[in-house]
Engineer: 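So that we are looking at the same thing, I have put the structure below in structure tokens.
Throughout, a chain's letter reflects where its sequence line sits, starting with A, and its residues are numbered from 1.
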There are 2 protein chains.
Amino acid sequence: MNQIVEDVGTSKGGFYHHFTSKDELLFEIHDTFITHVLEKGIYAYETHHSPTRKLQAIVKEFVNVFGLYKAHISVFYQESTYLKQQYQKSVKDKRDQFKQIVMRTIEEGKKSGEFREELSVEITTMAILGMVNWIYKWYRQSGANTMEEIGDIFVDLILHAVLQTETISKDNYKEILLDLPFFAKGNRND
Amino acid sequence: MNQIVEDVGTSKGGFYHHFTSKDELLFEIHDTFITHVLEKGIYAYETHHSPTRKLQAIVKEFVNVFGLYKAHISVFYQESTYLKQQYQKSVKDKRDQFKQIVMRTIEEGKKSGEFREELSVEITTMAILGMVNWIYKWYRQSGANTMEEIGDIFVDLILHAVLQTETISKDNYKEILLDLPFFAKGNRND
DNA sequence: TAAAACAGACCAACTAGTCGGTCTTAACTT
DNA sequence: AAGTTAAGACCGACTAGTTGGTCTGTTTTA
């Protein structure tokens with residue numbers, strides 16, 4: 001608290017005039033970015049027709065938040081274990097909503113025949129959430145790749161993982177999959 | 001500390017007779033499972049010839065640790081942010097070693113032509129590490145899938161993501177990829 | 001001039017870690 | 001076999017420092 005208050009350039013009194021507890025601040029931090037992804041996710045889900053496009057857009061937006069809200073996300077994951085019950089619940093609710101969107105998309109993909117029939121909706125969803133969420137652990141702005149690039153690569157990996165093999169071969173979604181070695185498109189590879 | 005010592009059924013004095021600090025305990029906890037994965041990873045890397053087999057074995061073992069050392073891993077990730085400098089370094093060293101094994105495997109896969117040429121070695125590696133590491137956040141022993149199943153599904157997803165499309169179609173690695181909807185093999189799906 | 005915004009000394013609860021002491025174990029002596 | 005002894009294992013009251021949070025003010029704003 002002393003640290004927070006000092007860094008922000010305020011005082012205990014000032015802080016507690018706006019927040020009832022440290023937990024509320026933490027909750028607010030989480031809510032800021034989760035609300036953002038959720039809105040973007042819903043929008044992506046609703047504006048596209050094919051499950052492939054939906055998934056592409058959702059993942060892209062999802063990855064993007066880690067660029068926009070890096071600080072928020074880092075402190076949230078660092079402190080979230082100590083969050084009080086009441087807040088834990090509403091945090092989980094919103095996260096579950098996002099998870100549902102991904103799951104529904106994969107389900108639709110299987111139904112439509114675009115995605116592989118043998119996919120486990122639950123586990124595939126958790127794999128996607130995991131690989132993206134983990135970004136906060138390793139992403140550095142000074143790193144070799146921009147968030148934009150990481151997003152594109154993740155989309156490529158995920159779509160190759162879920163799409164029917166024939167669909168990939170048929171070049172249906174050529175523009176959203178990586179074709180040439182990445183550097184050949186004007187980006188750095190590896 | 002009071003909690004740890006109480007839960008374990010010992011005392012402060014007893015504890016500090018064996019450890020110089022709480023950090024050392026935390027380090028020991030991490031070292032237990034990281035050493036395990038690393039050994040398994042190296043073994044997997046060295047005993048297989050094709051990059052595909054290597055990756056399959058590495059991922060399978062990697063996922064497995066999360067079943068074997070769930071408690072270790074949970075407390076490590078919960079407390080690791082507060083770990084002192086000196087320990088942080090040796091923790092990072094071992095984790096980097098494992099990362100290197102995965103990266104080398106993907107590199108080899110690209111060179112051999114089994115994996116897609118357009119893969120970013122770094123990002124693909126981080127995607128794999130991420131989706132597996134995230135397991136500790138959601139895996140419940142009471143859940144619908146065993147670790148064994150999750151491992152198989154993750155291998156299937158990852159290999160579909162990295163393998164050349166033609167390789168998949170040719171049924172070269174039929175046994176390590178999922179073919180039928182999972183439940184048809186006697187497992188629960190979704 | 002009153003309410004909202006802010007300040008910071010203060011507090012209770014908790015943190016990791018210490019230290020003087022007791023108990024256990026097992027090798028050594030008789 | 002019984003007694004001696006010393007080192008390792010273990011105990012828990014205590015401490016210094018930190019934590020989130022309160023409360024009595026003062027300042028700012030409209």
Engineer: Would you mind reading off the distance between B/I4 atom CD1 and C/dG17 atom C1', rounded to a whole angstrom?
Structural biologist: 12 Å
Engineer: Which listed nucleotide (C/dA7, D/dC11, D/dG21) is nearest to the side chain of A/K84?
Structural biologist: D/dG21
Engineer: Quick one: is D/dG20 close enough that its OP1 or OP2 comes under 4.0 Å of any side-chain N or O from A/S21?
Structural biologist: no
Engineer: Which whole-number value in Å describes the distance from A/N2 CG to D/dT22 C1'?
Structural biologist: 13 Å
Engineer: For B/F15 and D/dG12, give me the distance from atom CZ to atom P, rounded to whole Å.
Structural biologist: 16 Å
Engineer: In whole angstrom, what separates B/Y16's OH from D/dA13's P?
Structural biologist: 17 Å
Engineer: Rounded to the Å, how far apart are B/M1 CE and D/dG12 C1'?
Structural biologist: 15 Å
Engineer: Is it true that the side chains of A/N145 and A/Y139 contain a donor and an acceptor less than 3.5 Å apart?
Structural biologist: no
Engineer: Would you say the rings of B/Y136 and A/W134 are close, in the sense that their centroids are separated by under 6.0 Å?
Structural biologist: no
Engineer: Would you kindly give the CD-to-P distance between B/Q3 and C/dA13, to the nearest whole Å?
Structural biologist: 17 Å
Engineer: Measure centre to centre between the rings of B/F33 and B/F66, then say whether the value is under 6.0 Å.
Structural biologist: no
Engineer: I need the CD-P distance between A/E6 and D/dT18, as an integer number of Å.
Structural biologist: 13 Å
Engineer: Just checking A/K22: base, sugar-phosphate only, or nothing, at a heavy-atom cut-off of under 4.0 Å?
Structural biologist: sugar-phosphate
Engineer: Could you state the CD-C1' distance from B/E24 to C/dG17, rounded to the nearest angstrom?
Structural biologist: 14 Å
Engineer: What do you reckon, is NZ of B/K94 surrounded by more than 12 foreign heavy atoms closer than 6.0 Å?
Structural biologist: yes
Engineer: Side-chain N or O of A/H18 less than 4.0 angstrom from OP1 or OP2 on C/dA4?
Structural biologist: no
Engineer: Examine D/dA9: is either OP1 or OP2 under 4.0 Å from a nitrogen or oxygen in the side chain of B/H17? Give yes or no.
Structural biologist: yes
Engineer: Would the base of D/dG12 count as contacting B/K12 through its side chain, where contact means a donor and an acceptor less than 3.5 Å apart?
Structural biologist: no
Engineer: Hey, does the Lys NZ or Arg CZ of A/K54 hover above the aromatic six-ring of A/Y45, less than 6.0 Å from the centre and inside 45° of the axis?
Structural biologist: yes
